[in-house]
There are 2 protein chains.
Amino acid sequence: MPTLADVASRSGVSKGAVSSVLRNAPGQDGVSAETRQRILHVVRELGYRPHPLAASLRTRRTRTIGLVVGEPESFLRHPNQALMMGRLLKQASEMGYRVTLMDDAWQDSPDPRLLDGCAVLTWVPSAGIAQVERLAAEIPVVSLYSRIRGAVQVVMDEGTMLRRGMREGAAWLYGLGHRRIALVDVNHPKGPDTLRKDAFAEVAREQGILPELLCYADRWQERLYPTAAEIAQLDPPPTAAVALDDDYARALIAHLARRGLRVPEDVSVFSGNTQQDSFQTPPALTGLARDLTAQWGELMRRFIGLLGNDPAEEIVVPPAEFTLVVRESCAPPRAR
Amino acid sequence: MPTLADVASRSGVSKGAVSSVLRNAPGQDGVSAETRQRILHVVRELGYRPHPLAASLRTRRTRTIGLVVGEPESFLRHPNQALMMGRLLKQASEMGYRVTLMDDAWQDSPDPRLLDGCAVLTWVPSAGIAQVERLAAEIPVVSLYSRIRGAVQVVMDEGTMLRRGMREGAAWLYGLGHRRIALVDVNHPKGPDTLRKDAFAEVAREQGILPELLCYADRWQERLYPTAAEIAQLDPPPTAAVALDDDYARALIAHLARRGLRVPEDVSVFSGNTQQDSFQTPPALTGLARDLTAQWGELMRRFIGLLGNDPAEEIVVPPAEFTLVVRESCAPPRAR
DNA sequence: TTGAAAGCGCTACCAG
DNA sequence: CTGGTAGCGCTTTCAA
């Protein structure tokens with residue numbers, strides 16, 4: 001593989017000249033246009049590419065960012081997380097950054113000299129916090145969930161969007177005539193969220209209607225939805241149910257089917273977070289959709305933008321907006 | 001961050017001595033036991049860690065392996081692939097290797113100087129083949145699916161296992177009394193597979209029974225299963241259906257439910273590749289299960305083992321065995 | 001047994 | 001505007 005020296009000698013200039021031509025704009029290199037062309041020609045001729053390790057050793061920049069995924073198998077088991085990772089990778093790669101994955105089995109803490117920055121995508125178990133903090137002391141680290149000293153916190157205010165979306169969903173379900181609605185919120189480690197419930201209650205108050213709201217909360221991360229079984233057993237059944245996401249909605253629909261209830265004829269099912277592109281299980285789900293590509297792409301963009309400069313306290317990413325997508329799984333309640 | 005020179009001066013020896021102590025076994029370094037102890041003490045005291053970039057520049061080994069995932073979002077969308085990646089990562093990490101992800105948007109081909117080896121996890125589009133071949137000329141590359149010149153091919157003979165598993169499934173379904181069975185094979189780009197069908201036909205011949213086998217083939221990779229809808233519309237319905245995997249089985253069950261058919265009361269559904277740990281949608285699926293952790297771990301282990309030595313032609317990985325897991329989704333056919 | 005020194009390939013500075 | 005040069009931190013060889 002050709003080196004800088006090869007290019008230099010072959011084009012009759014010094015190594016410095018070649019290096020400068022390669023990393024500065026046409027005007028900014030201290031080299032005559034003519035020399036520049038000659039050098040560039042030789043570079044192409046030889047198929048020269050700067051040795052990234054050598055460059056990094058010198059510049060202390062690796063153009064590599066680390067993604068902390070904790071226990072990789074459980075992280076990747078959830079499709080939303082796998083997709084998030086894919087999007088972050090794509091964006092980074094587009095911007096010329098490499099991505100390395102880091103699980104939580106680090107013998108020592110990861111070496112900051114290998115990374116320009118690092119994004120922590122999971123809750124970090126308390127045992128690992130110190131490791132990440134040590135890393136954050138050396139390079140920019142961004143954390144999505146865990147609060148880590150020295151790390152940049154991601155602020156997304158998804159709540160506002162979710163609330164807005166849920167209000168839209170509520171208005172729509174109420175509009176169809178539903179008055180007995182089961183709904184599921186996310187049960188976080190620190191306690192259940194009540195955003196969805198609140199939005200439904202709020203809209204009801206505003207419209208002066210008195211729906212019966214049957215509230216549940218489930219852990220999203222683990223993809224085990226015990227409450228779906230409970231909702232399916234309600235007697236009388238709700239006329240509509242608001243599921244956490246498509247996974248939940250499908251589980252619920254299956255539970256309802258076992259009891260002989262059909263969707264949407266007997267019960268309407270609304271997915272609180274639906275994806276256009278997920279695989280086809282009938283009925284097609286009505287619910288709130290959003291395009292997360294932009295959101296995660298933006299996060300990565302901001303993070304990389306931040307790498308050269310002095311670290312910020314937080315990165316504010318505009319959260320993706322939910323839109324109501326009407327497909328098949330909701331209908332007016334059956335007159336009983 | 002302390003350097004080798006710091007350690008050397010502080011322990012009153014040369015850099016060479018320190019380096020040797022750090023990378024050779026207690027007897028093998030050319031250093032007295034006493035000096036060794038002193039050096040090691042200073043290393044710990046200073047928290048010294050060799051600079052990986054500097055070491056790599058010298059040794060030409062990076063302890064990093066690349067994973068080619070093609071278009072990351074579509075690759076990671078399929079849970080089996082995401083899980084495979086997680087397992088490979090875990091194994092690599094356990095063996096002290098870092099993993100970097102490579103999508104197909106490489107401006108140039110990936111730089112072989114950054115990688116000790118590379119595993120290609122996807123079908124490589126023809127446009128990318130040349131890039132990968134160039135890489136394979138420099139470092140060991142292993143390819144799971146695409147045949148790539150210069151790359152090590154993975155040989156897994158999953159067919160034998162699948163056939164064996166399917167025979168077991170066939171015997172069991174026949175034993176329950178099913179004689180009208182829909183079954184789905186995988187439709188590869190190069191044409192449909194007939195393994196599942198063949199196994200069922202074979203067992204029927206051996207047992208001297210004459211089942212009605214309704215055969216379909218679908219693309220597995222894309223998670224869009226048009227044949228599930230077709231099977232659900234069969235009239236009369238099959239008494240049992242063998243699905244590709246859990247995804248397919250759930251889609252099929254949903255289609256059947258829309259038609260008013262219940263599983264397993266009206267139709268038995270058998271998952272050709274079920275996971276114990278996937279999320280809970282009733283009915284729990286009966287089918288063939290296997291633990292892929294060992295298989296993918298073994299692949300990574302062999303590949304890494306191969307890195308130092310001269311490249312092999314192929315890596316033979318013992319495929320995981322299928323076992324029949326009986327849960328709820330199959331029952332004897334209803335007397336009509 | 002130990003130490004000195006020559007690179008790995010590149011960047012960046014500093015004289016000319 | 002150009003070319004020489006001093007490292008980045010490590011490994012490895014060779015001489016003492």
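Proteins come first, then strands; the chains are lettered A, B, ... in the order of their sequence lines, and each starts at number 1.
With D:dG3, D:dC8, C:dG9 as the candidates, the nucleotide lying closest to the side chain of A:Arg60 is D:dC8.
The side chain of B:Ser19 contributes an N or O atom lying less than 4.0 Å from OP1 or OP2 of D:dT11. In this structure, B:Arg23 reaches the D:dT11 phosphate: one of its side-chain N or O atoms is under 4.0 Å from OP1 or OP2. Residue A:Arg61 places none of its side-chain N or O atoms closer than 4.0 Å to OP1 or OP2 of C:dT11. Considering only side-chain N and O atoms, B:Arg113 lies nowhere under 4.0 angstrom from the phosphate OP1 or OP2 of C:dC8.
Atom C1' of nucleotide C:dG9 and atom CG of B:Leu114 are separated by 14 Å, given to the nearest angstrom. Rounding to whole angstrom units, CG of residue B:Leu22 and P of D:dT11 are separated by 8 Å. For the pair B:Asp29 CG and C:dT1 C1', the computed distance is 10 Å after rounding to whole Å. Distance CG (B:Leu57) to P (D:dT12): 12 Å, rounded to an integer number of Å. Taking atom CD of B:Gln28 as the reference point, atom C1' of C:dT1 lies 15 Å away to the nearest angstrom. Whole-Å rounding puts the B:Lys15 NZ to D:dG9 C1' distance at 7 Å. For the pair B:Asn24 CG and D:dC10 C1', the interatomic distance rounds to 14 Å; values are reported in whole Å. Rounded to whole angstrom, the span from the CG atom of B:Asp111 across to the P atom of C:dC10 amounts to 10 Å.
Under the 4.0 Å criterion applied to side-chain N and carboxylate O atoms, B:Glu45 and B:Arg10 are assigned as salt-bridge partners.
Here the side chain of A:Arg113 pairs no donor or acceptor atom with the backbone of A:Arg61 at under 3.5 angstrom.
Residue-level contact check: A:Ser32 touches the backbone only, with heavy atoms under 4.0 Å from sugar-phosphate atoms and none from bases. Across all strands shown, B:Thr35 has heavy atoms under 4.0 Å from sugar-phosphate atoms exclusively, and none from any base.
Donor-acceptor pairing under 3.5 Å, judged by distance alone, is present between the side chain of A:Arg58 and the base of D:dG7.
We find the CD1-OG distance between B:Ile129 and B:Ser146 to be 5.0 Å, quoted to the nearest 0.5 Å.
Taking the nucleotide of DNA chain C with the nearest heavy atom to each of B:Ser14 and A:Gly16, the more 5' of the two is matched to B:Ser14.
The six-membered or imidazole ring of A:Trp220 lies near that of A:His78, with a centre-to-centre distance under 6.0 Å.
In the displayed structure, B:His188 atom NE2 is contacted under 6.0 Å by more than 12 heavy atoms of other residues, nucleotides or ligands.
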